[in-house]
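First, the structure itself, so that you have it in front of you.
All values reported here derive from a predicted model rather than from experimental measurement.
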Amino acid sequence: MTPDSPASTPSAPEAPDAGPRTEFRSAYAQGFARVAAVTLPVVPADPAANAAAVLAQARALSDDGVCLAAFPELCLTGYAIDDLLLSDVLLDQVLAAVETVRAASASLLPALVVGAPLRLADRLYNCALVIQGGVVRGVAPKSYLPTYREFYERRHFTPGDTIAGGAVVIELPGVGDPDAVFPAGAARAPFGPNLLFEVEDIPGLTFHVEVCEDMWVPVPPSALAALAGASVLVNVSGSPITVGRAEDRELLARSSSARGLAAYVYAAAGQGESSTDLAWDGQTFVYENGVLLGATERFPDGPQATVVDVDVEGLRAERLRQGTFTDNAATFALSGRQGPGAVAPTTFTDPGGFNRVVIPRDGLTVPRTDIGLRRRVDRFPFVPDDPARLAQDCYEAYNIQVAALVQRLGAIGDPKVVIGVSGGLDSTHALIVAARAMDRLGRPRSDIQAITMPGFATSPGTRRNAEDLARGLGCGFEELDIRPTATRMLAEMGHPYGAFAATGSLPEGMSERDLYDVTFENVQAGLRTDFLFRIAGHRGGIVLGTGDLSELALGWCTFGVGDQMAHYGVNAGVPKTLIQHLIRWVVAEELFDDAVGRTLLAILDTEISPELVPAGVDGAIQSTQARIGPYALQDFTLWHVLRRGSRPSRIAFLAERAWSDAGAGDWPPGLPEAEKVAYQLPEIRRWLELFHRRFFANQFKRSTLPNGPKVVAGGSLSPRGDWRMPSDAAATAWLAELERNVPRS
């Protein structure tokens, strides 16, 4: 696999040094927001003690760069205090405790979500107060009050969804913005279940708060809030523990985060709650788009916090690409309105009218320095490092390919399959997919014609592996040496290799290495594909393509009559980093006999090379990854470009976190020790630049891509599937962003 010609990979024009700059190693500047879900010991019916406990945690979280911290339901009083909730003494102490937290929050970074009972006129509400910067920014009452089995909340509270108009203003004596002009001794805050809190200095961070039971109903408030623009959904819970309930909570939160394309922050009550009739586990966790970012130990002794960095920018990218998300929002006519004014009624058929509350940053702002990154960044986004998940992914990927080929063969009259086998990863995998497809169709594997076509640099080892595999599988096998035809073609073209082959003498001023240019390589690649097409036509077959997703991204294929073309591209949706694991999985599952398994393992141990240029005097063979970069890094970039459309500086930031320390984090099972390496920023930057130059320059190859199945959720490059772009687009803006925002060291 080679580039077509020097003209196919031009350098993009130099871009002016213009546009926004980012602090490269700042998590906040790279689109992340640090959030916390906190559980802590409470003292039942002692708001002052509980306020002090909340502030102790809030100060530590502020020092840690947290911008949003959620505490459990009714944490200022304790959840299980029954009729004490109706005591004037307690409710007055709650207001004093809220004032304590409000005043102290003026010097703290996070927006604090704190649970407390609040009286409004002659009704009591189970509330979550959002307090930040010395101001109560809003109050979210619990909408759905459980009064079944062990719960008796309607004995004490009024449902929050009965608020007329969906939101009102609550007056909190002695609480709120000290500079506002309100009646003496009173302060005001928006109150209602339909509040969206927009954090001013973190683009895209809009959060919504619901309370405990609100997540357990068929249409939770958070679902509508996500459609209205909330990227982070907060649930403060009491939630006494019974066997199996913890798993149920996670199931609901994971589902909400996945359907809402949001993060779900969950904090439950724990130590200190009354054990008169119930027990408490203090569960905290954060999910993001269906993926668990972090959780704390259950039944803790003392305070615990799940602190993670939510990928707000990534969530926005997912919503931008999933058009049905905004279609669903339009169905429910959801719209944000500034301020705490009147809004439309909250009903199932017309749930519009979310109020947006902007949280300004007049004093403290989030840190724009290197505070680390509190989340896992996968080195191999296409390859899980969990053994069970990797096995499941390999099972699905392999069978997607097999099923797609079975369908295609059946639809076009069950032709034979003609495939060029080189002894490399891609043709090997395509061949074992084809073999399984024949098994599924009840056809003999001899209907696969495997042809090896040695060229000027084919090694004995790869040639032997190709034959051993084909014969071991029971395929038809033959050799077609392309060197005589290639030599004649080069000679008739006037290429200097033709004269060298005829006379044994080098043209004046040339070394032997000068003969091995792109044309020398592409003549071989083109002839192989040309022979395969003519043989397939002659024998009533189709050419099965072997090129993979990574090669398509980098344009590492010869266009037209070359390995870019086939009748069906069975590997076109599979990245290079996954293919080796697919082959390893096939061996582990014993889908073929032991001899085939041994050959497959031998192929896995072979250097990735197009074998088009003879080895140098030092014996070093042509290395693909030396030319176009390590596939590990290029597939990392490919996933973030395809799935998220990420800017180069963000990809570099994430790649440095994932790859700079080989001893940190997990590796996919089965990966050879020699491949567990580290890459530092200069190398990451170099290959990231090359990726973008090649990705843009080679779109024309993808625009005429043969049919082939999409396999991985990260995306495909088919112009009929995931990816459409003009072939004459330039990488100028992307290279400028890279130059502007990614340091060279």
Main-chain N/O of Val42 paired to Glu273 side chain as donor or acceptor, under 3.5 Å
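Pair absent, no side-chain N/O of Glu273 close to backbone of Val42.
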For the residue pair Phe197 and Phe207, does the interplanar ring angle fall in the parallel (under 30°), tilted (30 to 60°) or perpendicular (over 60°) class?
parallel
Quick one, Phe157 with Tyr125, criterion ring-ring contact (aromatic ring centres under 6.0 Å, His included). Give me CA distance, side-chain angles, the key distance, then yes/no.
CA-CA 5 Å; Phe157 297 115; Tyr125 293 89; 8.5 Å; no
salt_bridge(Arg245, Glu150) N-O dist < 4.0 Å:
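Salt bridge present between Arg245 and Glu150.
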Quick one: does Arg102's side chain have a donor or acceptor within less than 3.5 Å of a partner on Gly134's backbone?
yes
Counting N and O atoms only, with roles assigned by atom type, does the side chain of Ser237 sit under 3.5 Å from a partner on the main chain of Ser239, one being a donor and the other an acceptor?
no
Between Arg643 and Ala713, is there a donor-acceptor pair closer than 3.5 Å when you use the side chain of the first and the backbone of the second?
yes
Salt-bridge present (Asp309, Arg34; N to O < 4.0 Å):
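Yes, Asp309 and Arg34 are salt-bridged.
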Suppose we call two aromatic rings close when their centres sit under 6.0 Å apart. Are Tyr264 and Tyr266 close by that rule?
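No, they do not, as the ring centres are separated by 6.0 Å or more.
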Taking side chain as C-beta onward, heavy atoms only, is Pro221 less than 4.5 Å from Asp214?
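The answer is yes; the side chains approach within 4.5 Å.
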Salt-bridge test for Arg657 and Asp370: reply yes if a basic N is under 4.0 Å from a carboxylate O, no otherwise.
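Answer for the salt bridge query: yes.
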Going by an N to O cut-off under 4.0 Å, is there a salt bridge joining Arg316 and Asp311?
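Answer for the salt bridge query: no.
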Would you compute the distance between atom OG of Ser646 and atom CG of Leu654 and round it to the nearest 0.5 angstrom?
7.0 Å
Can a donor-acceptor pair be found between the side chains of Arg155 and Thr147 at a distance below 3.5 Å?
no
Using a 4.5 Å cut-off on heavy atoms from C-beta on, say whether the side chain of Leu390 contacts that of Val383.
yes
Are side-chain heavy atoms of Lys142 and Glu73 found at a separation under 4.5 Å?
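Yes, close enough: below the 4.5 Å cut-off.
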Check: Arg319 and Thr326 side chains under 4.5 Å, non-hydrogen atoms
no
Pairwise distance CG(Leu224) to CG(Asn328) - rounded to 0.5 angstrom:
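Going from the CG atom of Leu224 to the CG atom of Asn328 covers 9.0 Å.
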Hey, do the aromatic rings of Tyr144 and Trp216 have their centres closer than 6.0 Å?
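No - the distance between ring centres of Tyr144 and Trp216 does not fall below the 6.0 Å cut-off.
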Short N-O contact, Asp393 and Arg389, less than 4.0 angstrom:
yes
Among Leu292, Thr306, Val291, Val234, exactly one meets side-chain contact (heavy atoms from CB on, under 4.5 Å) together with Val286. Which residue is that?
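When side-chain contact (heavy atoms from CB on, under 4.5 Å) is applied between Val286 and each of Leu292, Thr306, Val291, Val234, only Thr306 qualifies.
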Does any donor atom in the side chain of Gln304 or Thr39 lie under 3.5 Å from an acceptor atom in the other side chain?
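Judged by distance alone, the side chains do not pair up.
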Measuring from atom CG of Asp201 to atom OH of Tyr28, what distance do you get when rounded to the nearest 0.5 angstrom?
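If I round to the nearest 0.5 Å, the distance is 8.5 Å.
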Check: Gly290 main-chain N/O paired with Ser257 side-chain donor or acceptor under 3.5 Å
yes
Is a salt bridge present between Arg644 and Glu318, judged by a nitrogen-to-oxygen distance below 4.0 Å?
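Salt bridge present between Arg644 and Glu318.
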Sort out for me which residue in Asn126, Leu74, Asn235 forms a side-chain contact (heavy atoms from CB on, under 4.5 Å) with Val211.
Asn126
Quick check for you: to the nearest 0.5 Å, what is the distance between Arg249 atom CZ and Gln283 atom CD?
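So the CZ of Arg249 and the CD of Gln283 are separated by 4.5 Å.
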Can you confirm whether Arg321 is buried at CZ, in the sense that more than 12 heavy atoms of other residues, nucleotides or ligands lie under 6.0 Å from that atom?
yes
